[in-house]
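Read the structure below first, then the notes.
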Amino acid sequence: MKRLITTFLFLLAALAFPGIVMGAEEPSSLNKGDTAWMLTATALVLLMTPGLAFFYGGLVRRKNILSVLMQCFMCMCLMTVIWVLVGYSLAFSDEHMLGGMFGNFKHLFLSGVGYDGNIPDQLFMIFQGMFAIITPALILGAFAERMKFTGFCIFMSLWLLLVYCPVCHWVWGGATGFFGLGEDGALDFAGGTVVHVNAGIAALVATFVLGKRQGYPGKISPPHNLPFAVLGAGLLWFGWFGFNAGSALAANGSAVNAFVVTQVATAMAGLTWSIIERIRNGKTTVLGMITGAVAGLVAITPAAGSVNAMGALGVGAGAGLICYIFVAAIKPAFGYDDSLDVFGVHGIGGIWGALAAGLWATNAVPGNETNGLFYGNPEQIGIQIKAIVYTLVWSGVVSFILFKVVDAVFGIKASEHEERIGLDLTEHAEAAYTVVE
Amino acid sequence: MKRLITTFLFLLAALAFPGIVMGAEEPSSLNKGDTAWMLTATALVLLMTPGLAFFYGGLVRRKNILSVLMQCFMCMCLMTVIWVLVGYSLAFSDEHMLGGMFGNFKHLFLSGVGYDGNIPDQLFMIFQGMFAIITPALILGAFAERMKFTGFCIFMSLWLLLVYCPVCHWVWGGATGFFGLGEDGALDFAGGTVVHVNAGIAALVATFVLGKRQGYPGKISPPHNLPFAVLGAGLLWFGWFGFNAGSALAANGSAVNAFVVTQVATAMAGLTWSIIERIRNGKTTVLGMITGAVAGLVAITPAAGSVNAMGALGVGAGAGLICYIFVAAIKPAFGYDDSLDVFGVHGIGGIWGALAAGLWATNAVPGNETNGLFYGNPEQIGIQIKAIVYTLVWSGVVSFILFKVVDAVFGIKASEHEERIGLDLTEHAEAAYTVVE
Amino acid sequence: MKRLITTFLFLLAALAFPGIVMGAEEPSSLNKGDTAWMLTATALVLLMTPGLAFFYGGLVRRKNILSVLMQCFMCMCLMTVIWVLVGYSLAFSDEHMLGGMFGNFKHLFLSGVGYDGNIPDQLFMIFQGMFAIITPALILGAFAERMKFTGFCIFMSLWLLLVYCPVCHWVWGGATGFFGLGEDGALDFAGGTVVHVNAGIAALVATFVLGKRQGYPGKISPPHNLPFAVLGAGLLWFGWFGFNAGSALAANGSAVNAFVVTQVATAMAGLTWSIIERIRNGKTTVLGMITGAVAGLVAITPAAGSVNAMGALGVGAGAGLICYIFVAAIKPAFGYDDSLDVFGVHGIGGIWGALAAGLWATNAVPGNETNGLFYGNPEQIGIQIKAIVYTLVWSGVVSFILFKVVDAVFGIKASEHEERIGLDLTEHAEAAYTVVE
Amino acid sequence: MKYIVAIIQPDCLNAAMDELGKQGVDLVTVTEVMGHGRQKGEAQVYRGHKEAGRLLRKIKLEIAVNDDYVDKTISAITTATRTEQIGDGKIFVLPLEQCARIRTGEVGPVAIG
Amino acid sequence: MKYIVAIIQPDCLNAAMDELGKQGVDLVTVTEVMGHGRQKGEAQVYRGHKEAGRLLRKIKLEIAVNDDYVDKTISAITTATRTEQIGDGKIFVLPLEQCARIRTGEVGPVAIG
Amino acid sequence: MKYIVAIIQPDCLNAAMDELGKQGVDLVTVTEVMGHGRQKGEAQVYRGHKEAGRLLRKIKLEIAVNDDYVDKTISAITTATRTEQIGDGKIFVLPLEQCARIRTGEVGPVAIG
Ligand SMILES: Nc1ncnc2c1ncn2[C@@H]1O[C@H](COP(=O)(O)OP(=O)(O)O)[C@@H](O)[C@H]1O
Ligand SMILES: Nc1ncnc2c1ncn2[C@@H]1O[C@H](COP(=O)(O)OP(=O)(O)O)[C@@H](O)[C@H]1O
Ligand SMILES: Nc1ncnc2c1ncn2[C@@H]1O[C@H](COP(=O)(O)OP(=O)(O)O)[C@@H](O)[C@H]1O
């Protein structure tokens with residue numbers, strides 16, 4: 001107890017005179033309508049991580065649900081703290097380091113992040129912070145039911161700094177030159193590459209480093225609580241409006257378009273998945289429906305600022321079809337154990353979405369000036385592919401190295417005994433549900 | 001698989017050159033405050049359908065919860081697609097067909113739905129699209145636990161086009177002449193007739209066409225997961241602020257009033273139901289409380305733009321009392337099997353609310369110029385009754401015909417065996433909860 | 001049934017001619033951006049009570065979850081009605097009674113509460129109404145699993161009027177002189193004293209009046225459904241953005257700051273709790289994580305308008321540490337049965353937060369002009385302590401008297417038999433989950 | 001004394017208890033179980049992964065009775081739950097050596113009812 | 001060898017296991033069951049629809065013991081769970097013919113503990 | 001006839017059922033139970049309050065068989081579930097006096113399968 005108190009007093013002292021001046025009088029430049037929407041959108045994106053927690057948590061076995069919820073909530077805590085301390089600066093400084101790969105330390109501890117602008121910089125910072133929470137959280141579906149918690153925390157912290165921040169900097173943070181994906185004109189409205197391809201490939205790498213769960217594939221029980229997964233899907237869908245329409249950073253026509261196409265693509269993808277199941281198995285499943293819907297949400301993310309509602313039908317139908325083929329046919333053929341299909345849904349869905357943005361983009365959409373292939377601009381496809389490849393390579397390689405390093409130092413794979421008993425009890429000393437009383 | 005790919009390529013091609021130009025530069029006319037609120041409100045209304053899914057899903061037997069969740073999510077997908085393709089045009093074209101019964105095909109594929117206006121037309125379109133999702137979804141509570149899924153999808157698609165779109169057109173879509181309910185001055189702020197009476201009567205018809213569940217009424221088990229129903233009620237309450245206050249289409253005094261009266265009427269109705277139970281049985285129930293609250297939400301819906309907070313106490317008390325009497329006394333007397341009391345809560349609550357709007361409407365409420373009976377305008381009651389009757393007749397008759405037709409062609413009633421095993425397994429090949437692991 | 005109908009007709013008549021004129025034309029003064037945000041914020045605060053219901057409900061034994069959900073929903077209904085009838089007037093009239101202890105009856109039945117102002121008064125009224133719902137609801141965690149429902153309803157109604165309304169009046173309602181805590185300059189942005197200290201001390205008093213649950217502490221089963229508690233924590237976190245950032249009453253820099261620090265303090269507190277657990281037990285728990293996060297939310301509440309993100313790290317770390325010590329060490333040492341640690345988390349967290357506001361407050365935060373100790377203004381601590389002490393004394397004493405009176409008249413403690421069977425069945429005649437079907 | 005175990009369909013529980021009550025067999029313990037029998041389970045599909053779904057929800061009744069109640073008990077259960085469809089279930093009769101009522105400490109046949 | 005089945009109140013589980021432990025009976029299998037006995041269930045109401053609510057939550061203990069442990073087991077359970085209120089529960093003793101430990105393949109009395 | 005009760009690890013259920021099927025033992029009733037055995041439960045912590053966590057999830061199989069199937073059944077279960085780690089479980093064999101198929105009214109050995 002003594003140790004704790006000393007630590008605390010130290011912390012207190014350290015924070016007491018924080019040298020850093022953070023802002024100023026309320027600026028007249030602030031647009032209240034835009035600020036109102038962005039406050040809401042930011043809250044919505046925060047809610048996506050609990051949503052994801054239930055989407056994932058319902059799909060694992062009963063003995064592991066808490067470990068999934070815990071990992072999601074730990075992302076909400078840990079990533080926030082890292083983000084305000086240093087992550088935001090690395091991703092969004094307008095001055096660059098290491099050849100433009102990273103931003104620099106200008107905004108360390110939010111130094112110089114004020115309350116000015118159409119929407120305040122602080123608001124942009126926290127909106128982006130929510131993205132920095134959910135992106136790592138997405139990955140955990142790949143190694144659910146078998147990753148040790150300490151290794152998880154270390155890996156995720158490093159991943160945020162060394163993978164997420166740079167990719168974010170390249171696409172949205174103003175990187176120029178070799179890493180200037182945004183400068184190139186890559187269409188990634190709300191994070192098809194930065195978020196989904198990025199997390200998806202890291203997830204794939206994770207499955208290879210960690211190996212399979214015991215008994216996979218034949219003897220893994222089905223989802224222990226599908227209603228929880230549906231609840232999570234509902235919250236994700238709801239929160240995703242903040243993610244996509246919020247990425248307009250204003251309550252304008254671009255936000256409205258992003259909102260509309262999010263709804264349309266998601267609906268179309270859910271419908272497509274169901275129709276495929278109906279044709280192939282004669283029955284539609286709830287898990288298929290929500291998986292399709294999430295695939296649609298993923299795919300429309302990069303394209304939400306540049307395609308219209310009719311294009312969104314195409315994006316959604318493609319997402320449902322391609323992700324279905326991947327999850328139901330290609331993954332089993334390869335036989336790796338991506339527990340909750342993070343690569344199949346987010347990786348593949350994100351790649352498809354980034355390509356689709358290059359197909360259906362039209363300058364008839366407010367706030368967008370880029371046309372895609374179908375509107376006469378074939379070059380856009382090339383730009384999109386470049387962004388995808390950069391992300392795949394960087395995230396793939398660095399994630400692999402990080403996994404290996406963290407494994408060597410802390411260990412990442414739960415023991416056979418722990419896996420059998422379940423991570424809830426062995427890693428968190430709790431049971432999700434009581435049997436008695 | 002081949003078939004799928006061909007279909008997909010076809011779809012792709014069809015969407016590639018969509019002829020339709022959809023919007024323009026960001027217009028200066030857009031009000032950002034209003035747009036901010038309407039983006040939020042639209043997301044809130046979307047959340048109501050997952051909310052409804054849990055409200056209903058918790059009340060059925062364990063073996064059928066997924067079928068309820070699936071039907072709700074299918075509405076989210078299917079209705080969205082139909083709405084953007086053709087439904088919106090039928091409901092909201094300012095040019096009419098068939099003597100004003102429907103809008104015409106002017107806005108087919110959202111043609112001509114742009115980003116202009118105080119709030120962009122696209123935003124209005126998607127806000128209304130969320131109503132077009134939840135209205136059919138409401139009906140499914142009536143035939144829960146015994147409807148076949150294919151028949152469900154077909155019925156709902158037709159119902160949207162042939163029942164929802166016209167009624168919506170009469171009240172909100174600018175119909176004139178014989179069908180000009182809105183023109184008449186009928187008060188239906190957020191859908192008492194269009195949504196609740198409409199769905200309620202279709203639900204009642206469904207119970208007669210489908211017949212009872214096996215063992216009804218004596219041997220139907222109680223709700224399998226009441227906390228889920230409470231969760232759903234909480235999400236519905238939350239989302240309903242978007243439904244009602246969003247129907248002001250602006251962040252103005254009218255929206256504020258709608259927000260306030262929604263809260264007050266709901267609270268009063270929940271309280272009333274509880275008091276009645278306390279008097280009659282000595283105990284209050286959670287199911288009673290949330291049923292009462294939903295009845296209050298339903299009843300205030302048409303009246304939210306025209307009554308004030310004190311009027312809302314009356315609307316809520318009446319909703320609690322009348323729906324209680326209906327659900328606890330009248331329904332059992334008739335003996336039909338409306339599984340989740342859709343008619344008793346939405347039908348009756350909607351009728352009461354539409355009448356109540358004609359009683360307590362006052363022009364002291366911002367944005368409303370119509371007084372009701374208690375404020376010296378007895379004619380309003382007549383106008384309200386007309387709107388109710390039109391809706392009851394049209395929806396009742398057309399729903400009946402649709403059920404019969406769909407039954408004849410596809411079959412709508414699950415077999416005895418399927419009902420016994422439960423629709424989750426027989427229709428969707430899934431179990432909601434595992435028993436092992 | 002006759003009795004019911006008579007009551008209803010009476011109510012109807014009473015409400016029919018409500019004398020009170022409630023508002024006017026839509027005023028031009030209304031700011032749409034601010035109104036848009038406050039509509040959203042109000043809905044978010046409403047959602048916190050269902051969130052709390054699940055946070056609490058998941059932690060009790062299976063036989064009592066419905067009683068917790070019911071008490072929360074009853075607060076949503078009962079407090080709303082009391083608030084619009086009289087509570088708002090007692091708390092927020094600008095004319096005072098009883099030496100400034102209460103507001104007067106000027107706004108009885110919302111008389112004179114109009115649609116004017118930057119945000120309409122009606123909107124402010126309903127935003128504050130949501131606070132009047134959740135504050136009493138917080139208390140119920142202390143006496144969960146053993147309080148009779150009728151006594152609960154009576155106690156809570158009186159508590160709102162006699163404890164919440166005055167304290168609210170002192171801090172936010174414009175009280176002057178002896179009770180002028182707001183006038184003094186006490187920093188309580190969103191309710192550290194008004195909400196959390198207030199509810200926390202009432203909770204502590206409750207545990208002494210009601211005594212322990214049977215078998216406490218050794219034989220109380222663990223939380224019956226931890227995922228529900230996590231769901232509740234997620235909804236609370238989400239809703240709390242409305243609570244704190246909404247307390248700026250505008251979409252401005254102050255709201256943005258409140259939003260940012262809410263996220264940062266919560267994350268830091270959750271992280272701190274987990275780190276402590278990791279150090280002490282070698283394992284982190286989900287319950288610890290969410291408890292820490294809630295403690296962070298509580299602690300930042302009073303400080304959200306005056307500390308910046310770096311200060312919020314201090315507030316959060318302190319909240320995690322202090323609440324942990326209290327809940328895991330001090331409470332067990334005293335041995336009283338605060339079932340869900342309302343005092344340990346809300347009382348202690350609220351006290352810490354109110355003090356912390358006096359430490360880290362800085363006028364660099366938009367909308368705040370007060371510095372705290374660390375920014376050279378030691379007096380502020382004294383002002384904060386005064387506000388805390390006033391609240392502790394008034395709420396402690398009056399809550400105690402109320403409990404005793406209600407106990408004498410209605411009885412508050414469930415019988416041994418009822419406690420054993422569980423309140424769901426004995427008080428509400430329902431079971432949360434079926435075992436069969 | 002006998003210890004009777006019956007596996008029945010979930011939707012027959014109420015009927016079975018009614019019928020047992022009529023025969024004066026009032027005390028029974030009910031468990032939710034999963035059965036694998038002649039009645040085949042429903043196949044399941046999770047993201048394309050197929051499960052045989054061998055188990056179906058069933059209800060197990062356990063009833064301790066004195067010897068003269070055995071036949072009544074069996075016939076009551078049979079009457080209430082027979083639908084002549086596959087999956088109706090089984091009744092097993094096990095010997096019971098001793099029975100004690102915790103509340104009173106009574107033992108033997110008198111403690112059963 | 002005997003196979004002892006006890007139906008007890010849920011809130012007595014911990015006490016029963018403590019007491020059994022003291023008597024050296026360490027191995028037990030616990031099931032959540034619903035009981036219908038002299039103790040009547042609580043009536044339930046769902047939207048005006050009343051249910052008799054015949055079943056109450058109970059806990060079933062199953063304990064295989066060698067013959068010389070039978071009395072100790074019964075008295076341990078009785079001591080821990082008797083409150084002299086209706087609903088305390090019952091203990092049933094069934095004959096047990098064989099017992100095998102899966103891990104080692106041991107059979108008979110030695111495999112029980 | 002015998003009534004075989006086996007307590008096994010949850011993750012062995014599928015294997016056990018496969019193996020039983022191979023031996024022609026197709027009918028089985030499965031219950032989710034909690035076991036306290038040599039394998040110690042995992043300690044739990046709730047807000048600093050520690051729980052011994054004595055119980056672990058297990059699966060109970062109940063199988064009524066004719067006498068000539070007893071050995072096959074035991075060996076099938078053993079084969080499928082033995083990992084030689086503590087907690088593998090136990091098999092109990094109880095005498096079974098009577099068996100009836102509800103659907104047909106058949107009784108005795110013929111009703112078992
Ligand atoms: N020999 C057995 N041992 C254990 N349980 C059995 C046995 N036979 C049947 N059961 C149980 O009874 C249920 C119904 O049996 P089933 O064979 O499906 O129907 P039927 O008795 O009509 O042929 C099974 O699901 C299983 O739980
Ligand atoms: N003859 C019996 N057969 C099966 N279960 C029984 C029998 N008698 C009692 N039980 C179980 O024991 C529980 C307690 O019995 P009950 O009659 O309520 O209490 P008491 O034994 O104190 O009279 C019942 O709920 C039931 O589960
Ligand atoms: N004598 C017994 N009576 C009842 N159940 C038992 C008995 N012995 C073992 N069990 C059950 O079998 C499970 C496994 O037993 P355990 O002692 O942990 O493993 P092992 O048999 O490998 O030593 C226990 O959790 C318990 O449920």
Side-chain angles (χ1 to χ4, degrees), chain A residues 1 3-4 8 11-12 15-18 20-27 30-37 39-40 42-43 46-47 50 53-54 57 65-66 69-70 73-74 76-78 80-81 84 109-110 115 120 122-123 125-126 129 149 228 231 427-434 436-437, chain C residues 31-34 36-37 40 44 61-63 221-227 230-231 234 237-238 241 245 250-257 259-260 263-264 267-268 270-271 274 276 281 283-287 289-290 293 308-311 313-314 317-318 321 325 329 359-360 364-367 374:
Chain A
M1 196 49 63
R3 183 145 52 122
L4 290 178
F8 175 64
L11 242 172
L12 202 101
L15 291 164
F17 306 98
I20 304 143
V21 178
M22 271 183 63
E25 300 292 85
E26 183 169 337
L30 180 151
N31 181 301
K32 289 194 161 189
D34 290 342
T35 300
W37 167 237
L39 287 167
T40 308
T42 308
L46 181 276
L47 186 64
F54 278 82
I65 177 174
L66 293 181
L69 301 184
M70 183 68 179
F73 269 69
M74 186 45 98
M76 290 165 72
C77 292
L78 201 50
T80 301
V81 172
V84 299
F109 307 152
L110 300 186
Y115 302 90
Q122 285 266 349
L123 181 50
M125 179 283 297
I126 199 72
F149 188 64
F228 274 173
L231 174 65
E427 289 283 302
H428 304 296
E430 291 167 301
Y433 316 99
T434 54
V436 180
E437 294 224 290
Chain C
N31 182 301
K32 290 195 160 189
D34 291 340
W37 167 237
T40 308
L44 287 172
R61 286 167 288 177
R62 194 185 307 206
K63 62 190 179 185
S221 305
H224 90 284
N225 195 324
L226 269 176
V230 174
L231 174 65
W237 191 329
F238 174 61
F241 290 121
N252 58 14
S254 175
V256 169
N257 186 73
F259 195 112
V260 170
Q263 176 69 13
V264 173
M268 190 67 197
L271 188 60
S274 292
I276 298 171
N281 307 327
K283 285 177 185 173
T284 55
T285 66
V286 176
L287 181 54
M289 160 64 82
I290 60 176
N308 63 26
M310 293 303 115
L313 288 174
L321 177 67
I325 294 173
L359 298 176
W360 278 285
V365 169
F374 296 153

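Each chain gets a letter, A, B and so on, in the order its sequence line appears, and its residues count up from 1.
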Pick from C:Ala36, C:Ser221, C:Ala250, C:Gly270: which one has the most heavy-atom pairs with chain A under 4.5 Å? C:Ser221
Before giving the answer on side chain to side chain contact (heavy atoms under 4.5 Å, CB included), spell out for A:Phe73 and C:Val286 the whole-Å C-alpha distance, their side-chain angles and the decisive distance to 0.1 Å. CA-CA 8 Å; A:Phe73 269 69; C:Val286 176; over 6 Å; no
Looking at C:Val260, C:Thr40, C:Asn281, C:Leu44, which has the largest count of heavy-atom pairs under 4.5 Å with chain A? C:Val260
Segment of A:Phe149 engaging chain C (4.5 angstrom heavy-atom cut-off): side chain
Smallest separation among heavy atoms of A:Leu110 and C:Ala309, with atom names: CD1-CB, 3.5 Å
Shortest non-hydrogen pair, C:Ser274 vs A:Met70, comes out as OG-CE, 3.9 Å
Which answer fits C:Ile290, side chain, backbone, both or neither, if we ask what part of it has an atom under 4.5 Å from a heavy atom of chain A? side chain
If you look at every heavy atom in C:Met289 and A:Cys77, which pair is closest and at what distance? SD-SG, 3.5 Å
Give me the atom names and distance for the closest heavy-atom approach of C:Gly253 to A:Leu30. N-CD1, 3.9 Å
If you tally heavy-atom pairs under 4.5 Å against chain A, which of C:Pro227, C:Ala255, C:Gly33, C:Pro223 wins? C:Pro227
Toward chain A, the part of C:Thr284 with a non-hydrogen atom under 4.5 Å: both
Could you measure the distance from the CG atom of C:Leu226 to the NE2 atom of A:His428? Nearest 0.5 Å is fine. 11.5 Å
Side chain from CB out, backbone as N, CA, C, O: work out which of these in A:Ile65 comes under 4.5 Å of a heavy atom of chain C, or both, or neither. side chain
Side chain / backbone / both / neither for A:Leu69 at chain C, heavy atoms under 4.5 Å: side chain
dist A:Lys32:NZ -> C:Lys32:NZ (nearest 0.5 Å) comes out at 14.5 Å
Work out which heavy atom in C:Ala364 is nearest to a heavy atom in A:Tyr115; give both atom names and the distance. O-CE1, 4.3 Å
So, the part of C:Ala293 with a heavy atom under 4.5 Å from chain A: the answer is neither
Checking heavy atoms, do the side chain of A:Leu123, its backbone, both or neither come under 4.5 Å from chain C? both
Considering only heavy atoms from C-beta outward, does the side chain of A:Phe54 approach that of C:Val230 to under 4.5 Å? yes
Go through the atoms of C:Phe238 and report whether side chain, backbone, both or neither lie under 4.5 Å from a heavy atom of chain A. both
Where on A:Met125 is there a heavy atom nearer than 4.5 Å to chain C: the side chain, the backbone, both, or neither? side chain
Measuring from atom CG of A:Leu47 to atom CH2 of C:Trp237, what distance do you get when rounded to the nearest 0.5 angstrom? 11.5 Å
Can you check whether C:Val256's main-chain N or O pairs, donor with acceptor, with A:Gln122's side chain at less than 3.5 Å? no
Side chain / backbone / both / neither for A:Glu427 at chain C, heavy atoms under 4.5 Å: backbone
Which of A:Leu39, A:Thr80, A:Thr35 touches chain C most, by non-hydrogen pairs under 4.5 Å: A:Leu39
Given A:Ala431, A:Pro120, A:Ala43, the one with more heavy-atom pairs under 4.5 angstrom with chain C than any other is A:Ala43
